[in-house]
Each structure stands twice: as C-alpha cells, then as structure tokens.
Chemist: 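A single structure is presented below for examination.
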Amino acid sequence: MKFNSLIDMGLVQESGQTSQAPWGLINNIYSDIIFVKNTPILVNVFQEDINSLSMNYEFQLKDNSVNASIDDISENDIKKEVSRIFDLDFDLDKFYRYLSNDSKLKPSAKFCRGLRLFLAKDYFESFVSSIASANNSIIRWTKSISKIRQKWGNEIQFPSGTFYTFPSPEILKSVYEDDLGEYEGCGRTIEIECCIKNLKSCGVGYRAPYMKKTSEIFTIETDIQEIPTMKYEEAFETVLDLPGVGPKVADCILLYGFGFREAFPSDVWIKRIISYLYFPGKDISVDKVREFGMEKFGAYAGYVQLYLFHHARKSGLMKKLK
DNA sequence: CCCCAGGTCTGTA
DNA sequence: TACAGACCTGGG
C-alpha cells in the first residue's frame, strides 16, 4: 500500500531522532512493531523507488494468535497509525516555501528533502531513548535501546521473523541497575562476570538510575498521560520534572516523541549553528538559542531544528564550526 | 593514555 | 541566576 506524501525513508530512519532507534533494516525494508488497539503489528516500510520519494508499507499480524483478529482492526486504523508516526500530513511543500524565504535556511531544504519527524510508536520508549541520548553518540544510544528491547521486551513471532517490543515501565522500573545489583539480587548464584541482564550492561552508563526512576514515575504519575492534550509550556514543565531530563532532552521528547513542533531542542551544535548563521562572532548560551529559535521560527521551530542539525551534521559544517 | 559524544545533576558564589 | 566539575562508556 502506498502513501502519496513526499518522504525520504532512509533519511528519516538515519536522522538520529530520539523517539526511537532506527527500525530493523533488511533489503532496503525497515521493519518494526507498532501497536494498534493494543495489538502488536509488524510494519514494513520502504521507498517506492529512489526518485519518487514516496513510501510503501505492508503489515503482518503475529502468526500464533487467534485473538488478534484483523476484524477488530481495520486496515485504515493501521494506515492512520503509520501515517501519524511518519508525520505524513505535515505539509512539506509549504514548509519549503517558508525555508526559501530565509537565505540562511534555504540550503538545508534542498539537502534534507523528504525529511520528516519520526514520531514515537511508544511514548515510554521515546522517554527512555531521549534520556539515553544525553551526552552520548547516536550510535551508542541506539545500540543501548536495542539491547533493552532484547533483554526485557516481549518477544513476538511473525512469519518473517522474531521481533521485540520495548518493555513497559512496570518492567523497566524493577530491572537490576548494574552487575553488582544483579549479583546480589540473584543470591550470588551466578558469577558476577556473567551478570548481563542489567541496565548498565546495555551501555547506558550513569543514565541507568535516571531510567529506573523515570520508569517508576511513569507508573504512578498520571500527568504524563495527559501530555498529548497539554499546551507546550505545561508539557515542557511536566517532562522536565523527570530525572535525567533537562531542557534539551525535554524538547526532544516533546518534538520527536509527541510532535510539539514549536519545540526547538537546543544543544551545543544547534548553538554553534545558530550563532554562525544569525550571531556571527558572538557566543550565545544554549538557553538563549532555545528562546531565539522558538521566537523566530514559531510553529516551524522543530522542523527548522531538524533540518539545520541534519544539514550541518551531514555536510561537514559541524567540523568547520568546531 | 587522552579526548569527546546532540547534557544533566550537584554544589558553590 | 550563573557556572564549574564530575560523570558511564567505547571508539578514535
């Protein structure tokens, strides 16, 4: 089944958005599990062809389930969820017209053509992924997220293979933090060198306790469930309360996870890029850059950040600015 | 062995 | 409010 919207799936998947790790890739097809009406569904997405920049998708239900009846879930429900995750209703052409009016932004439009938000398929996963991304490299946090899924997620069999969901907050809040905790926790029945089912063994480092506490709060704090209906400012303050979540991670969660497009995640690189483009020779604080981005770009702030960051990261501008 | 990676937390003026 | 320092970890 095909969507008509302009999108570059490879660009979206490899753009490092912290809502999730890139989907599994085999033969140019990206696959992962999404949930529609609480039923796990394996979705394959792929590019129609290199030139068209439109995407196709297909889906499978798990093969050993009688109660996951397709009757309760229409194909349209699935299509709507896939469309939501890849933000296909966002009017890119209109956005490109906006970018072309600013000579500083124009180059990024051409460079990132077809790039869209990669929204959360699982809100909780987007929190943990974003926390994992702080002061970290994309390659390392995505590996960590994959390991967490394999160790504690639900293993689900599909005709095309075995996949893992992201674990629930109820599960993640009670996993061992490190090998020592696991060693003591299991009554020293295994050698400490063999303790590999703990958070730090996933390579998350000092973020492990943040993740556990956030998981705990997730299970009891009902405000978090209300985020999709909140205004940006209220959502920002709500997310900021979580351990391991500062302003940058909060904006990543809100933009990449929930689709608050007025968010402008600001880190050292966006700071350098914005300074280079709009305040040459000056050193603007990250906090001021965030305010500047939200004020200047308004409803397009999130997409501008996405495009600027990507253009800079892939074009070599970053090395130059450094 | 040192440095850094898309920051956050904590303690101090 | 503003600004150092420390901080897991793995790759260069």
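A note on names: the letters A, B, ... follow the listed sequences, proteins ahead of strands, and every chain is numbered from 1.
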Chemist: Check the distance between B:dC9's C1' and A:Lys213's NZ and give it to me in whole angstrom.
Modeler: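 Whole-Å distance recorded here is 10 Å.
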
Chemist: If you measure from the Lys or Arg side-chain nitrogens to the Asp or Glu carboxylate oxygens, is any gap between A:Glu81 and A:Lys121 under 4.0 Å?
Modeler: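 Judged by the 4.0 Å cut-off on N to carboxylate O distance, A:Glu81 and A:Lys121 do not form a salt bridge.
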
Chemist: B:dG7 C1' sits how many Å from A:Ile253 CD1, rounded?
Modeler: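 Interatomic distance, CD1 of A:Ile253 to C1' of B:dG7: 13 Å.
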
Chemist: For A:Val245, report the nucleic acid contact type (base, sugar-phosphate, nothing); a contact means any heavy atom under 4.0 Å.
Modeler: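 Result for A:Val245 = sugar-phosphate.
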
Chemist: Using a 4.0 Å cut-off on protein heavy atoms (strictly under), produce a 5'-to-3' string for nucleotides 7-12 of chain C with B for base contact, S for backbone-only sugar-phosphate contact, and - for none.
Modeler: BBBS--

Chemist: Pairs counted as Watson-Crick or G-U wobble with both distances under 3.5 Å: what dot-bracket string results for DNA chain C, using | for bases tied to another strand?
Modeler: |||||||.||||

Chemist: Quickly work out the A:Trp141 CH2 to B:dG7 C1' distance and round it to whole Å.
Modeler: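 That distance rounds to 15 Å.
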
Chemist: Taking CZ from A:Arg272 and C1' from B:dC4, how many angstroms apart are they, rounded to a whole number?
Modeler: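 These atoms are roughly 11 Å apart.
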
Chemist: Can you confirm whether the side chains of A:Asn44 and A:Ser31 place a donor and an acceptor under 3.5 Å from each other?
Modeler: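 Short answer, yes.
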
Chemist: If I pick the P atom on C:dC8 and the same atom on B:dG11, what distance separates them, to the nearest angstrom?
Modeler: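 That atom pair is separated by 15 Å.
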
Chemist: Expressed as a whole number of angstroms, how long is the span from A:Met318:CE to B:dA5:P?
Modeler: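 These atoms are roughly 10 Å apart.
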
Chemist: Determine the Euclidean distance between corresponding P atoms of C:dA4 and B:dC4; express it in Å to zero decimal places.
Modeler: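 Between the two P atoms, the distance is 16 Å.
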
Chemist: What is the separation between atom NZ on A:Lys288 and atom P on C:dT1, rounded to the nearest whole Å?
Modeler: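 After rounding, the reported distance stands at 12 Å.
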
Chemist: Give me the ring orientation class for A:Phe218 and A:Phe127: parallel if the planes are under 30° apart, tilted from 30 to 60°, perpendicular past 60°.
Modeler: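 Taking A:Phe127 first and then A:Phe218, their aromatic rings stand perpendicular (interplane angle over 60°).
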
Chemist: B:dC2 and C:dC7: how far apart are their P atoms, nearest whole angstrom?
Modeler: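 After rounding to an integer number of Å, I get 15 Å for this pair.
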
Chemist: Report the residue (A:Leu240 or A:Pro265) whose heavy-atom-nearest nucleotide on DNA chain B is the more 5′ of the two.
Modeler: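 The 5'-side residue here is A:Pro265.
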
Chemist: Please verify the inter-ring angle class for A:Phe292 with A:Phe297; under 30° counts as parallel, over 60° as perpendicular, anything in between as tilted.
Modeler: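 Rings of A:Phe292 and A:Phe297: perpendicular, over 60°.
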
Chemist: May I ask you to say whether A:Arg261 pairs ionically with A:Asp87, meaning some side-chain N is under 4.0 Å from a carboxylate O?
Modeler: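 Yes.
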
Chemist: Using 30° and 60° as the class limits, which term best fits the ring planes of A:Tyr300 and A:Tyr98: parallel, tilted or perpendicular?
Modeler: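 Aromatic pair A:Tyr300/A:Tyr98 classed tilted.
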
Chemist: Heavy-atom nearest nucleotide on DNA chain B for A:Gly244 versus A:Arg313: which residue maps closer to 5'?
Modeler: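 Result of the comparison: A:Arg313.
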
Chemist: Does the distance from a Lys or Arg side-chain N to an Asp or Glu carboxylate O, for A:Asp77 and A:Lys37, drop under 4.0 Å?
Modeler: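 Yes, this pair counts.
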
Chemist: To the side chain of A:Val268, which of B:dA5, B:dG7, B:dT8 is closest?
Modeler: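 Nearest to the side-chain atoms of A:Val268, counting from C-beta on, is B:dG7.
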
Chemist: May I have the distance from A:Asp241 (atom CG) to B:dT8 (atom P), rounded to whole angstrom?
Modeler: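 My rounded result for the distance is 14 Å.
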
Chemist: Is A:Ser130 touching bases, backbone alone, or none of the nucleic acid, heavy atoms closer than 4.0 Å?
Modeler: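 The residue A:Ser130 makes no contact with any strand.
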
Chemist: Using a 4.0 Å heavy-atom cut-off, does A:Phe309 contact any base of the nucleic acid, only the sugar-phosphate backbone, or nothing at all?
Modeler: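 If one applies the 4.0 Å heavy-atom cut-off, A:Phe309 turns out to touch a base.
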
Chemist: Using the P atom as the point on both nucleotides, what is the distance between B:dC3 and C:dG5, in whole Å?
Modeler: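 Between the two P atoms, the distance is 14 Å.
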
Chemist: Output all residues satisfying ring pair (Phe, Tyr, Trp, His ring centres under 6.0 Å) with A:Tyr30, sequence neighbours left out; order by chain, then residue number.
Modeler: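 None.
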
Chemist: Kindly indicate whether a cation-pi arrangement holds for A:Arg272 with A:Phe309, taking the cut-offs as under 6.0 Å to the six-membered ring centre and within 45° of the axis.
Modeler: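 So A:Arg272 doesn't make the cation-pi contact.
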
Chemist: Categorize A:Ile138 for me: base, sugar-phosphate, or nothing, with a 4.0 angstrom heavy-atom threshold over every strand shown.
Modeler: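 Counting heavy atoms under 4.0 Å across all strands, the contact made by A:Ile138 includes a base.
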
Chemist: Once you round it to whole Å, what is the distance between C1' of B:dC3 and NZ of A:Lys319?
Modeler: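 Going from NZ in A:Lys319 over to C1' in B:dC3 covers 16 Å.
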
Chemist: Decide, yes or no, whether a salt bridge links A:Lys212 with A:Glu216 under the criterion of side-chain N to carboxylate O below 4.0 Å.
Modeler: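 No, this pair does not count.
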
